[in-house]
Each structure stands twice: as structure tokens, then as C-alpha cells.
Amino acid sequence: MTHEFDAVILGAGAAGLLCAVEAGKRGRRVAVLEHADHIGKKILISGGGRCNFTNIHCQPENFLSANPHFAKSALARYTPADFIALVEKHRIPYHEKTLGQLFCDRSAQDITNMLESECQSAGVKISLQSRVREVQRASRFVVRTESAEFHAPVLVVATGGLSIPRMGATSLGYNLARQFGLNIVQTRPALVPLVLNGKDRNRYCNLSGVSAEVVASAREHAFREKMLFTHRGLSGPAILQISSYWSERQPICIDLAPNRDVTAAILQARVRNIAAARSTFQGILPKRLAERWLEFHEPPDWTNPSLKDLERQIHEWTLTPVDTEGYEKAEVTAGGVDTEELSSKTMESRKVPGLFFIGEVVDVTGHLGGFNFQWAWASAAAAGRSL
Ligand SMILES: Cc1cc2nc3c(=O)[nH]c(=O)nc-3n(C[C@H](O)[C@H](O)[C@H](O)COP(=O)(O)OP(=O)(O)OC[C@H]3O[C@@H](n4cnc5c(N)ncnc54)[C@H](O)[C@@H]3O)c2cc1C
């Protein structure tokens, strides 16, 4: 069976669906092909089931890319306020949790229902359980699935990244980019827990479940948020954020007591000893972490220089993770289709007219906190409005 459309979009995730809505509203006949049995699977599991759908403080600085300027145009033309207007039009209750992060009050299903209903109004055809077998380009794009053939002058690739393969992530988008001769910036798991080396795992990982507010930094980037010990290493928002900047064999630095002068009380204590240190540290850090950390950082003596060194160490606890927990646990994929290959206004390939890449498959990766969805919406709108 052959179907003719003005645009075929691969992937019914955040970017694919919003792109379909924007193009459909402009009167384009749009088909969205999705291999899963329902739309927006990642939206449904996002934000702990409540979908952190945007961030009101979204800035270009909240994104990583080989070209940090690329995302600016799309982000400026489809802002958090635009998506909030859509959410409010559908009377979806939401709240700001922290740091500008907006979440649904009820469930992420509100967002998928909203996108599905917008697609319906815009006359978009969504074809589920459509496994793409082949894409060719002659005078138009030809997309073959197991049971049908779709023809269109425009093909939008919105198949997302490699993270969480059990949710349906595939490498189709990257394969298509390669097939059409587009460069790919090496992909890697990002927003992902880090694995500690054997020695540090033995020392700290039975603290699994303990968390503390820290500043985690790597290279010139720093994030003040919660850090969590896991049974293999470190996680929590501060670590997920810094993982996006971490590369193999590089150390990360953790300030366990941001803006606190920890040793001041020990300096003034009547007796300077490990008991005084424990009691001070326990006022700042969770008890088990305070004890464990001091066990491995007990100063050789309690002189002023040793205490000064202890103070430095608590603000500059340096660890060298051996790995990340990989795509199985990563929230996103960093790297992807090289932005040099795409128009920043429309997301269209410079080399292959009519071929577009949007969302996570592109080399633009957001910080934790609703930025990845904002990129999905903004890049989708940029493409959808140009079709
Ligand atoms: C656990 C988790 C929680 C997250 N929470 C948040 C959050 O709260 N806020 C936030 O901003 N970001 C969050 N993210 C990141 C966010 O989900 C993604 O960045 C976003 O979904 C990317 O949108 P996308 O449309 O590019 O890709 P996706 O939403 O992944 O959509 C891609 C679609 O393409 C389909 N597809 C893939 N391969 C094929 C193929 N071969 N044939 C046909 N279809 C295919 C997939 O099934 C999927 O439906 C989270 C991610 C995870 C894993």
C-alpha cells in the first residue's frame, strides 16, 4: 500500500508530535511513523511520571553542543511561554517544583493526551507499530515499513537518542544521517550516574541511599544540587548534571560543605580531636557520610595547617570515576547529528534538501530540569513552521 503525504515524520516522541502539530496546522498532510505501540513513551516516564515539560529560566547556556550558538535561534522563537500557553489552553494543572522546573500536577499523560488531541485537530495521521525498514530518496523520500510505503517531499527525523533502549530507543536517526552523508558528533550517555573505582566503591558505596547538597564540578562547570550515593557510585541531580561534562579518566570535584567554614568550630574547640571533628561534621553532613568521610580523611594531627588542609579537602573532594552507568540509565544522549549540517532556522539539512533532524538526535543536549523537552519543542516548532 502506498501513501502520499506532504511530510513524513519518524518518531512520535516529544519533537515528532509537536512538529506534526505545527505542520498540520499549516495545512500540510502529515504522517508520523512510530515503531512503539503508543505515542510519547519517554514523555510518560519523564519527571518521575509527572513530566518536567519546560524550565522558565531556559537560556542557551543550559545546553551543550559542539556549536553553542546553534540552538539560540530556535530557542528564541519557541520559548517556555509558548509551550505553557499550549498547556494552559488544555487546562492542564502544573506547578513549579524548584529552579524554574515546571511539572504536571497530575501525570505526564496530560502532556501526551494534549499532543494527541492537537495532532487530531491538525489532521495528522499517526501510524503506530510502524517499523521503518528502509528510506530512499529519488524525486521524493520513500519510507518503507513492514506493511506500507510512504512518499513525501519532506522527511523529518525525530527518533530521539540512544538512552533507555528498553523504552524503544534505536539508532535509526543516526543511521539515516550517515546514509545521507551527514556528520555525527560522537554520542555518549549524559545525565547519567557515575561509577566509582573499586577502592572508592569499597569505601563509600555502602552509604547507598545517603544524599547531601553539594557543589559538583568538572572542568569549568559547577552545579549546586543534591548528590546521592548508589551501590556502584554517585547519582542525584548534581552528579547527573556534571556527568554531561565528564569524560573518561577525568576527575570530578565535590564541595561537600558549600559556603561553610567547617573547621572553624574545631579550631575553637577546647580539645581538638577526632570527636570534635565528628561532632562538627555531623552538623553539616548526614551522620554516616560525616563519619565515613572522616575515617578516610583524618588529619595526621590537629595543628592549624592540618586543619586548613582538612578544610580544603572537604571543599575539594576529588574523585575519578571509572565509567558512567551507560545508556541503560542515561536520561539523554549527548552528541548526535552535527549542527554544522543543519540550518539553525529550520533544522533542514544543508546537503539534502527536504531532510530535517529535530530533538535529541541532534547534537544539542540540555541540562537537567526541563531543558531537553524545551529543545525538543523548540527544534520541532522551527522545523514544523517551515514545512
Ligand atoms: C527516565 C527519563 C526521564 C526524563 N525526564 C525528563 C524531564 O522530566 N524533562 C526533560 O526535559 N527531559 C527529560 N528526559 C529527556 C527527554 O525525555 C528527551 O530529551 C526527549 O524525550 C527527547 O525528545 P525526542 O522527541 O527527540 O525523542 P523521544 O521522546 O525519545 O522520541 C523518539 C521517538 O522515536 C521513536 N523511534 C525510535 N526509533 C524508531 C524507529 N526505528 N522507528 C520508528 N520510531 C522510532 C521512539 O519510540 C520515540 O517514540 C527524560 C529522559 C528519560 C530517559
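Both ligands and their constituent atoms are indexed starting at 1 by order of listing. In what follows, residues are counted from 1 in the order of the sequence shown.
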> Does a side-chain heavy-atom distance below 4.5 Å link S171 with L162?
Replying inline: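 Contact flag for S171/L162 side chains = yes.
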>> Could you check whether E291 pairs with R278 (Lys NZ or Arg NE/NH1/NH2 to Asp/Glu carboxylate O, under 4.0 Å)?
In response: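 So E291 does not pair with R278 through a salt bridge.
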Looking only at protein heavy atoms, which one is nearest to [atom], and how far off is it?
| atom | value |
| --- | --- |
| atom 31 (O) of ligand 1 | G13 CA, 3.3 Å |
| atom 37 (C) of ligand 1 | T159 O, 3.4 Å |
| atom 11 (O) of ligand 1 | F373 N, 2.8 Å |
| atom 9 (N) of ligand 1 | N52 O, 2.9 Å |
| atom 1 (C) of ligand 1 | I45 CD1, 3.6 Å |

> What residues, two or more places apart in sequence or in another chain, satisfy ring pair (Phe, Tyr, Trp, His ring centres under 6.0 Å) together with H151?
Replying inline: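 None.
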> Apart from V142 itself, which Ile, Leu, Val, Met, Phe, Trp or Tyr residues share its cluster (side-chain heavy atoms under 4.5 Å, direct or through members)?
Replying inline: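 Under the 4.5 Å side-chain rule, V142 groups with nothing.
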> Without hydrogens or angle criteria, can the side chains of Y94 and E88 be said to hold a donor-acceptor pair below 3.5 Å?
Replying inline: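 A donor-acceptor contact under 3.5 Å links the two side chains.
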>> Would you say Q179 and N175 are linked by a side-chain donor-acceptor pair, where the criterion is simply a distance under 3.5 Å?
In response: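 Short answer, no.
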> Using the benzene-type ring in the case of Trp, are the ring centres of F373 and W377 under 6.0 Å apart?
Replying inline: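 So the answer is yes for these two rings.
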>> Quick check on contacts: which atoms of ligand 1 are under 4.0 angstrom from a heavy atom of G11?
In response: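 Listed by number with element, the hits are 33 (C), 34 (O), 35 (C).
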> Going by the atom numbers of ligand 1, which of them fall below 4.0 Å from some non-hydrogen atom of N372?
Replying inline: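 Counting from 1, the qualifying ligand atoms are 11 (O), 12 (N), 19 (O).
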Looking only at heavy atoms of [X], does any of them come nearer than 4.0 Å to an atom of ligand 1?
| X | result |
| --- | --- |
| L10 | no |
| S163 | no |
| E331 | yes |

> Backbone, side chain, both or neither: what part of L172 comes under 4.0 angstrom of ligand 1, heavy atoms only?
Replying inline: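 Side chain only.
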> Taking heavy atoms and a distance under 4.0 Å, where does W375 meet ligand 1: side chain, backbone, both or neither?
Replying inline: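 Within the 4.0 Å criterion, W375 makes no contact with ligand 1.
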> Heavy-atom distance to atom 24 (P) of ligand 1: which of S379, A12, A15, A330 wins?
Replying inline: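 Result: the heavy atom closest to atom 24 (P) of ligand 1 is in A15.
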> Can you say whether the rings of H297 and W293 are parallel (under 30°), tilted (30 to 60°) or perpendicular (over 60°)?
Replying inline: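 Ring orientation of H297 relative to W293: parallel.
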>> Check the orientation of W317 and Y204. Use parallel for under 30°, tilted for 30 to 60°, and perpendicular for over 60°.
In response: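 Plane angle over 60°, so perpendicular.
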